[in-house]
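Quick note on labels: first sequence line is chain A, next is B, and so on, each numbered from 1.
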Amino acid sequence: MMRRLFPAPLLSAALFIAWLLLNGAAPAQLALGAVLATAIPWLTEPVRVDRPRFSAWPTLVRLGFVVLFDIVVSNVRVARLILGPEARIDPRFVWVPLTIRDPHGIVALAGIITLTPGTLSSDLSDDRRHLLVHCLNAGDEALLIATIKQRYEAPLIRIFEGAR
Amino acid sequence: MNWPHLIVVPVLLPLAAGCLALLLEPRWPRAAARLSVAATLALLALAIHLVTIAANGAVIPYLLGNWRAPFGIALALDRLSALMLVLTAVVAVAAALYARGGGPKGTHDARGRHFHALFQFQLMGLNGAFLTADLFNLFVFFEVLLIASYGLLLHGGGAARLRASIHYVVFNLTASTLFLIAVALLYGLTGTLNMADLAQRVPIVAAQHPAQVQAAALILIVVFGVKAALLPLYFWLPDTYSAATAPAAALFAIMTKVGVYCIARVTTLIFGADAGGASDVAIPWLPVLAMATLVLATFGALAAGRLGLLVAYLVVSSAGTLLLAVGLGTAPTVGAALFYLINSTFVAAALFLLVDSIASSRGEARDTIAPAPLAHRAGYGALFFLLAAEAAGVPPFGGFLGKSLMLAASVDEPMAAAIWTVVLATGLGILVALARAGSVVFWQATDANRMQAAAARPSFTERAALAWLTIAIVATVLNAGPVSGYTEAAAAQLLQRGAYIEAVLGAEPVAPLWNPRAGDIKP
Amino acid sequence: MSLLNHVLPWGIAAIALAMLLALWRLLRGPTLPDRILALDTLYIDSIALLILIGMRFNTALFFEAALIIAMLGFVGTMALSKYLMRGDIIE
Amino acid sequence: MTLPLLAALPFIGALIVSLLPHHARRAAAWTSAAVALSACAILIVLAPQVFAGEVPRWSIQWVPALGLDFGFRLDGLAWLFALLICGIGALIVLYAAYYLDANDPGRRFFLFLLLFMGAMLGIVLADNLLLLVVFWEATSLSSFLLIGYWNHRQDARQSAHMALAITGGGGLALLGGVLLIGNIVGSFQVDAVLAAGDTIRASPLYVPTLVLVLLGAFTKSAQFPFHFWLPQAMAAPTPVSAYLHSATMVKAGVFLLARLYPALGHSEPWFWLVTLTGLATLLIGAYLAIFQHDLKGLLAYSTISHLGLIVLLFGLDQPLAIVAGVFHILNHATFKASLFMAAGIIDHETGSRDMRVLHSLRRSMPRTAALAIIASAAMAGVPLLNGFISKEMFFAEAAALERPGIMTWLLPLGAVAAGIFAVAYSARFIHDVFFNDAQNTRIPKAPHEPTRFMRAPVEVLVVICLAVGVAPAWTIGPVLAVAARATLGAPLPDYSLALWHGFNFPFFMSVVALAGGALLYFGLHRFTDMHRLIHGRRGGREMFAFVAARGLAGVRAVTAALQSGSLQQYLMLLVALAVAAGAWPFVRAGGFDWPTSAMTPVELPVAAIGLIGIAAALGTAIFHRHRLLAVTVLGAVGLVVSLLFVYLSAPDLALTQLLAEMATVILMMLALNWLPQESPPGRSDAKRAWHLALAAAAGVGIALFVFLTLIQPTESISSYFLATAVPLGGGSNVVNVILVDYRGFDTLGEITVLGVAAVTIAALLGNTRLPRSVEIQRPPATERNAHPLMLQIVARLLLPLVLLVTVHLLLRGHNLPGGGFIAGLVIALALILLSVAQGVEWVDARMKGRYLIWTATGMLLAAATGIGSWAVAHPFLTSTYTYLMVPWIGAVPLASAALFDLGVFLTTVGAVMVMLTSLGRLSQTRKGAV
Amino acid sequence: MEALLAIFVGVLAGTGVYLLLRAHTFDVVLGLTLLSYAANVTIFSMGRIAVAKPPIIQPGLAPTLANYADPLPHALVLTAIVISFAMTALLLVIALAARAATGSDHVDDEPSRGRAQDAG
Amino acid sequence: MTTTFLLDLVSSALVIVGVFFTLVGSIGLVKLSDFMKRLHCPTKASTLGVGCVLIASMIDFSLAGETSLHELLISLFIFITAPVSAHLMVKAALRDDPNIPRP
Ligand code: NA
Ligand code: NA
């Protein structure tokens, strides 16, 4: 019953929260938010083809903080690079081999890589086994790959593929 | 006036019919078409009813949304707008009927998609433009009728129509932008959009900033000049009108009249003799340009190589004639112009339809003015002869009466000699052009017997459409007395703007049934 | 009165400067992706600008504009980039 | 009621004939004859009244505004002309029934003939000058049809044109003249006009009036220099020539002179204009007639000359001359009609009308010869025939004219010369056709006498010529008296209709004319080869053709130059005119007052934003040839405009502008798929300079205008909206309340525009398969994957969130920025995003995209919401709102305007989706096609 | 501010007119877009300049033009934006359909027709 | 040294930081010499730049008494969409760059 009412419970929850963020938590808005949290997933049902499965919630939260921290740190680093002499910049493309298979996980990884300044996920190989990353200042390529895999990919694997 | 909401129905009826036609068409195209024809007939009945109401001489306002003018949008029905509604409906009935006819290639309306929806939306735009008393709302209805006309012009497809439509669309979009700018400037100066209110405020503002108000007024007239086919703004028109399918072209015959209507409306109501520093901005430019239009349109008619083009030039020439009379701005000239307007509209529409019928009876030659076989020569020839005489302003038809009225009315004008020379000489030019074209098409028709077998007789609805317009023309001439009396009264009403202003601005909203507005709950 | 009220005009000015710099790149190019990038930057900068203006004028009325830029502002970037990479955007 | 019946008879006949079967020639002829004879009978019944000096009248109002009544009157002049029209008409019908070939469409002939007869009767009977003009032009039109009757012949068509151009044009001039008369007199009633002669002559408009009326009369009556159409009109069948172009239609011009003589005559301009025109026509026509080789040509020029004579008589402005003129109208009609019919018989029986071919016909067709000779003699003015008497009267008037100066000798001399010429061509007609046995050309057909009925009309007319010539006072006296009296509008002068007035000067002139004419012809015949003489080749006809051809070429050149088919040129004119319209009042006012009032200080961010906007707009123009680049830069302009809206307090506008801009960019990208990536460089620098100048003028103009307006204080109606939006409109977002309530009608129109755009796009692209031949230049697709994974997942993730925001925007619209259109665009953009990410087929399969239904439903919903207020007797679109108290939740606002906004929303989503997916689907068809 | 706004409108209109007068459909579309911006900003500015006064009625702030921007031009511009969006869409579609049908994106008929056929 | 003042200070600092990073992003956009380098710039603005400003705004509005949290939604949307933009721009720029080795 609940499954049929809420085909995507996580989405419903997200929508409900988002509604309250937009409109505040007055009683009328709570009611309306509930209605929308029910109706929208139902309406968009045809569009959800392969649904992500989340698990390992603590990992998710921890990853969130790690990413935020990395964003701040790399922002500062990159700002220095930009404002300094350009010769210090040594950009390079690096193919990062992927262990993660879940497409949502891959996209999340690519997003995180892009959001942390200094690295850009540029391409995904056709077999989805390699991610092309552009580094503003690559330094040690192997280290970069290792950092990515350890800091972001591993938690993402747990989050998206933990249930398997 | 038994039911007060009748005034808005000429806008809503086509809107609803258009939407329903859209919904019906995918599954039940015939039902959509029938609905459209029925709605058009209903519109005619309604328009006739409204004319009888307007004939009493009162300006009847309608406050949309129950907001007092100038705050809400008001509609106003006076003799002129009612007349325009009837003209539109009469032409629309013919166009709708004709669209249901057609040769072996299928009916006209089936040569593209959504004909009837577009047709109805065009009617909505036209009727709205004639009824509204609000300048910006007029812009909106201009856009409605224009965008529908783009669709109708493209109906049936083909490279020629696409090319013509590029010119048409771009030119009119530019004009629409200008319209917006003119409205903006007027609003910036006066702080209002309602035309009655503008009429009141313009003299006050013009006392301080005459040049600015005049400039805005002139830009506005330029915009209407595009629709009305005023020199040098009509050059897009002949190719466009002659490229459209017949029922669309017939309906287009009313479109130049929208421009004329708007010029007549604003030059009397807002920038008329009472407009203080902005009074009579259009004089003497408008009559002069109109005369030049008339001359060059006659040239075009003489030079035209296709019947459709020739008819399009006739539309331009009649617009020139109308603008000349409207531009003079006296009650007799405007009255004469309105009389002439009736017949010139019907004739242009009928000729567009007839030319299409003729073209489909001439095989490959279509409507080129060159010797070619022609089926059903006698009938076409007779009708063409009648309509050509009408168009050239030769007796005994309405064109003649209209021009006579106009000449008689302009005899005391300072430009009378020029006006008379131009009107009479261009009348001759058009007579010659039509005689040349007709004699080539009908007299030099070769090999008619072979065509006779090949070309189908025009279908019943096509003949009905032509007959309907012919009846309308003849009826106008036979009732020229009452009709000219009406147009004279319409002109008088137009020039006595006080009644219009008073009716629109003095209209009282209906008392609300309940008043939640007094409620104390904060939204 | 508050410190923020002194900071905001300068902040807005700085964002405006940032946008002018992006404009320079937009006009300068040299490649099309450069210009798309500049436009994208302009969009991002406008989010900041809208928020700062909202703070300065003490109104929440511009949030929706910022929200929509955040949500759909990349549509233009996406369309242009997709066009460059595929020669077509809806396939 | 007999009068309207008389006028209607021909038209009733025409109606009957038009209903007859195609080749029912005989029935058509009988009908026509019946019409003509009945009309004659009516005239005879009315004769006693008319001869007693009464004027029967009948009239009804037609166009009071114009002073145009539909009415008839029958005075002596009208009676005479009506009798001429009907009597000769009857004879012509009889003649034509035998003349026409079995292959000729007989029904059409008689139909046109009856129409003409009706028009002609209308002219003479009209009681209202405007009505006269109506019928006048009708004669031109029916004449056009009759001249072009054998329309397979090129000369017939050409002649018809020429006649129409000249007489139709004259008719328009006449219309002008008549309208002037009406303006002077205050009425078009014939009686009123005739009584107002002094007023008219005293008017400053007299001369223009006279000139216009005379133009009408002279063109119709083929007066010099408009005479040339008449010989050309001989391309018509001979009965037509006899009827229209000698006896009736051409007489309409002189009828008009007669009719308006009391009103327009008695003045110096009249005398000089009419007399000189008549004299010139008389001489030229008579002279040229001598040298025609075609029988009908000779008769046509003779007709011109005789019309000139009549005109001349009216011009002399003497009562006796008027009597002579009326008399000659009658005489000429009889002898000329009979001559034309004789010529037709000759043509019919010999197969030729060429005097260089014909000869000696007195032998083979003696009766016809006798008739023709008598009629020719009448034409020459031989005593004992009617032509002699009127000519004598003319000579008498010419000799008696008391005018100082040139006219004292010019007129008598001209009269005698014309007399000589007339005798000469009459002699030629008689001699060259019926005698001249020395000629030995072969006549195409073996000539013989025609059928009795074909000759009968000629016989009747010749008998009349004789009777009038021998006993004028008894036969024609009363008729002439009553007609002349009506013409003069005054008591008749003393005159005697006698054959012999003694050896006076006119008699001497007659003798000189007869002898001189005979001498001239036989002298020419003897001493020159007359058959080789060609005169009048460079005549008016050639002039007309030349002018027409040149005129047409010029007209075509002008039209081609104006209708160049160049949109650029058209737009330049539009922009230039708009700039001129905006600038002119300032130019006239001598500039504008530079503002002194305080301005709002510039804020730095606005300055920066404005700078970006200006630079980006210029960039768009500079880069426009690289389209993708231009679109990118244009995107910045759109962004700047919406930021400006934000800064200047228009959040709703900012949202709308932003979303519309995004959607527009998508549209442009989609369209660019099918268009070249670059515009070729312009070829003309001069033109670009013009464009730049115009653009600069437009820019400066609008900037100045905006500036001048902005610095003025304003008193806007908007304070009302602010004051009432919450209490009366139920919403605190005033812009939205305006959109859905105060000006909801605008919004209804606006969504209609959007919907119709979608409909048109769907109609245009719906089943378009872009043809294979179109090669689209596109950048190479280097990316292998059409749908990058990242985009797919993000787009799918965004959709529910966007939907949520959409609902948010829709619901809050009335109170806060948002509303149906904004919400609609948001959801549409999200769907487009999905289409880009996943492909249009993917989305279609899931959305079941019948978006047009959304559009139509949305429009219907908006309209229906408005209509709902009718139920409570309120105007369309009256909104209301209330609060529904829900336990626990509280007050839930329910506004009818929200329903309207929902309609806007549905329309927008549907329309935008139709537009974008129609374009997007083109790629699918391309995949299928290429 | 007034002058800045006026100059902005002027530049939009000028560039719009220049592009409008180009010979190829897409350029004309760009020109019309700029022109419609010019028109919209013109209308908008006719409510006079108001910074930080959105016409959204706040409780406690007297609803007069002194406290709020003139809302009417906003509503008009909104309508104008929608209409011009619709028109642009249609014109683009016509342009590409014409290109497909005739093989050229020149605004005129076959280039031989007018003398004024220069591109650019 | 009230909480209000502290929060004012914090939000002012956040505005300064956010604006700084936004500006740095744009400076890089102008200063750096090739596209791939420049592409790293807007991420400054979109992450820390806008992020700090949004937090400042949240604080500021909360100070004014109206809890304002939709800034979070703005951040969420930026975090979702910004990587896609960058990703697509790289792809657009790389469309004909043969120098990248395939894995
Ligand atoms: Na001979
Ligand atoms: Na309301």
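Of all non-hydrogen atoms in C/Thr59 and F/Phe61, the two that sit nearest each other are O-CZ, 3.4 Å. Listed here is the closest heavy atom pair of F/Ser12 and C/Val7: CB-CG2, 3.9 Å. A pairwise comparison of heavy atoms in C/Ser81 and F/Ala92 identifies O-CB, 3.7 Å as the closest pair.
Heavy atoms of F/Leu32 lying under 4.5 Å from chain C belong exclusively to its backbone. For C/Asp40, the part lying near chain F is the side chain, with the backbone staying farther off; criterion is any non-hydrogen pair under 4.5 Å. Heavy atoms closer than 4.5 Å to chain F are found nowhere in C/Ser46, neither backbone nor side chain. Interface remark: F/Phe35 contributes backbone and side-chain atoms alike to the contact with chain C (heavy atom separation under 4.5 Å). Interface remark: C/Leu4 contributes backbone and side-chain atoms alike to the contact with chain F (heavy atom separation under 4.5 Å). Both the backbone and the side chain of F/Ile27 come within contact range of chain C, judged by heavy atoms closer than 4.5 Å.
A 4.5 Å side-chain heavy-atom check between C/Met78 and F/Val84 finds every atom pair outside the cut-off. Within the 4.5 Å cutoff, side-chain heavy atoms of F/Val15 are placed close to those of C/Met55. No side-chain heavy atom of C/Leu21 sits under 4.5 Å from any side-chain heavy atom of F/Leu29. Inter-residue side-chain proximity for F/Val19 and C/Leu52 is flagged as met; some heavy-atom pair is nearer than 4.5 Å. In this structure, the side chains of F/Arg38 and C/Asp34 come closer than 4.5 Å at one or more pairs of heavy atoms. Using a 4.5 Å cut-off on side-chain heavy atoms (C-beta onward), C/Thr77 and F/Leu88 make no contact.
To the nearest 0.5 Å, atoms CD1 (F/Ile80) and CE (C/Met71) are separated by 10.5 Å. Distance check: F/Glu71 CD to C/Ile47 CD1 gives 12.5 Å after rounding to the nearest 0.5 Å. The CD1 atom of C/Ile51 sits 12.0 Å away from the SG atom of F/Cys52 when rounded to the nearest 0.5 Å. Rounding to the nearest 0.5 Å gives a distance of 9.5 Å between OG1 of F/Thr22 and CD1 of C/Ile44. In this structure, CG on C/Leu3 lies 7.5 Å from OG on F/Ser11, to the nearest 0.5 angstrom. Here CD1 of C/Ile36 is found 8.0 Å from CE of F/Met89. Values are rounded to the nearest 0.5 Å.
Between F/Phe77 and C/Phe74, a ring centre-to-centre spacing not shorter than 6.0 Å is recorded.
Counting heavy-atom pairs under 4.5 Å between each of F/Ser26, F/Ala82, F/Pro42 and chain C puts F/Ser26 at the top.
A distance-only check finds no donor-acceptor pair linking the side chain of C/Thr41 to the backbone of F/Gly25 [under 3.5 Å].
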